[in-house]
Amino acid sequence: NTFEQKASFWEAKFRCWVDFKGCEFKGEADFRSVHCDQGFVLTKSIFHADFLFRGSNVAKKFSADGSRFERLLDLSKAKFPDFCYLEGVDAG
């Protein structure tokens with residue numbers, strides 16, 4: 001899937017697992033203050049603009065394995081009480 005413009009999930013609450021596989025975000029990906037009761041997974045996705053995850057909370061696993069971030073990857077003040085995986089992340 002391709003997100004052509006800004007994708008805003010600001011203050012979204014996810015009760016299930018969130019899984020973006022092979023997605024392309026051409027505009028800003030705004031996931032600030034997101035709350036995930038389970039996990040948040042980005043697999044082999046591409047972010048051409050900023051990826052904002054500031055102040056978000058993931059109860060279980062956060063993973064961005066194999067994803068590419070061309071600009072800002074903002075994980076500041078995010079809470080990952082269980083696991084955070086950033087293996088194979090490419091920076092632009």
Side-chain angles (χ1 to χ4, degrees):
N1 292 334
T2 300
F3 295 83
E4 296 287 339
Q5 298 178 6
K6 177 180 179 178
S8 182
F9 294 90
W10 190 62
E11 290 188 341
K13 180 171 175 128
F14 298 103
R15 294 184 180 159
C16 301
W17 282 84
V18 177
D19 195 359
F20 289 95
K21 289 183 180 179
C23 292
E24 184 175 6
F25 292 82
K26 293 188 175 182
E28 181 181 85
D30 186 355
F31 290 90
R32 287 177 292 167
S33 300
V34 163
H35 181 82
C36 299
D37 289 346
Q38 298 294 319
F40 191 94
V41 179
L42 306 168
T43 305
K44 297 182 182 176
S45 294
I46 301 170
F47 298 86
H48 296 282
D50 294 346
F51 175 79
L52 308 174
F53 210 71
R54 173 184 288 267
S56 294
N57 186 356
V58 179
K60 294 185 179 175
K61 173 181 160 183
F62 175 86
S63 175
D65 293 348
S67 292
R68 180 168 180 81
F69 298 90
E70 296 288 336
R71 295 194 54 196
L72 177 68
L73 168 59
D74 184 0
L75 301 176
S76 59
K77 298 186 181 181
K79 295 174 184 79
F80 306 113
D82 203 356
F83 295 100
C84 179
Y85 299 99
L86 298 173
E87 296 175 11
V89 169
D90 287 327

Rounded to the nearest 0.5 Å, what separation is found between the [atom1] atom of [X] and the [atom2] atom of [Y]?
X     : Y     : atom1 : atom2 : result
Asp65 : Leu42 : CG    : CG    : 9.5 Å
Arg32 : Lys77 : CZ    : NZ    : 12.5 Å
Ser33 : Glu11 : OG    : CD    : 5.5 Å
Asp90 : Leu73 : CG    : CG    : 12.0 Å
Cys36 : Lys13 : SG    : NZ    : 10.0 Å

Locate the shortest heavy-atom distance separating Phe51 from Phe47; write the atom from each residue and the value.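 Closest approach of Phe51 to Phe47, heavy atoms only: CD1-CE2, 3.6 Å.
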Of all the heavy-atom pairs spanning Trp17 and Gln38, show the shortest one and how long it is. NE1-OE1, 3.5 Å
Test His48 against every option in Glu24, Arg71, Lys26 by the side chain to side chain donor-acceptor pair (under 3.5 Å) rule and name the one that passes. Glu24
Would you say the side-chain atoms of [X] pair up with the backbone N or O of [Y], donor to acceptor, closer than 3.5 Å?
X     : Y     : result
Ser56 : Phe53 : yes
Ser45 : Cys23 : yes
Asp50 : Leu52 : no

Beyond-backbone contact of Asn57 with Pro81, side-chain heavy atoms, under 4.5 angstrom: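 Yes, at least one pair of side-chain atoms sits under 4.5 Å.
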Val18 and Cys16, any side-chain heavy atoms less than 4.5 Å apart: no
Looking at the rings of Tyr85 and Phe62, which for Trp means the six-membered one, are their centres under 6.0 Å apart? no
Centroid separation Phe69 to Phe25 less than 6.0 Å: no
Carboxylate-amine/guanidinium contact Lys60 Asp82, below 4.0 Å: no
Check the hydrophobic clustering (I, L, V, M, F, W, Y; side-chain heavy atoms under 4.5 Å; chains of links allowed) and say if Phe20 and Val41 are grouped together. no
Linked, directly or transitively: Phe31 and Phe83 (ILVMFWY side chains, under 4.5 Å):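 No, Phe31 does not connect to Phe83 through the hydrophobic network.
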Donor-acceptor pairs under 3.5 Å, side chain of residues 1-9 to any protein atom, not counting sequence neighbours: which ones?
| residue | atom | partner | partner atom | Å |
| --- | --- | --- | --- | --- |
| Lys6 | NZ | Glu28 | OE1 | 3.3 |

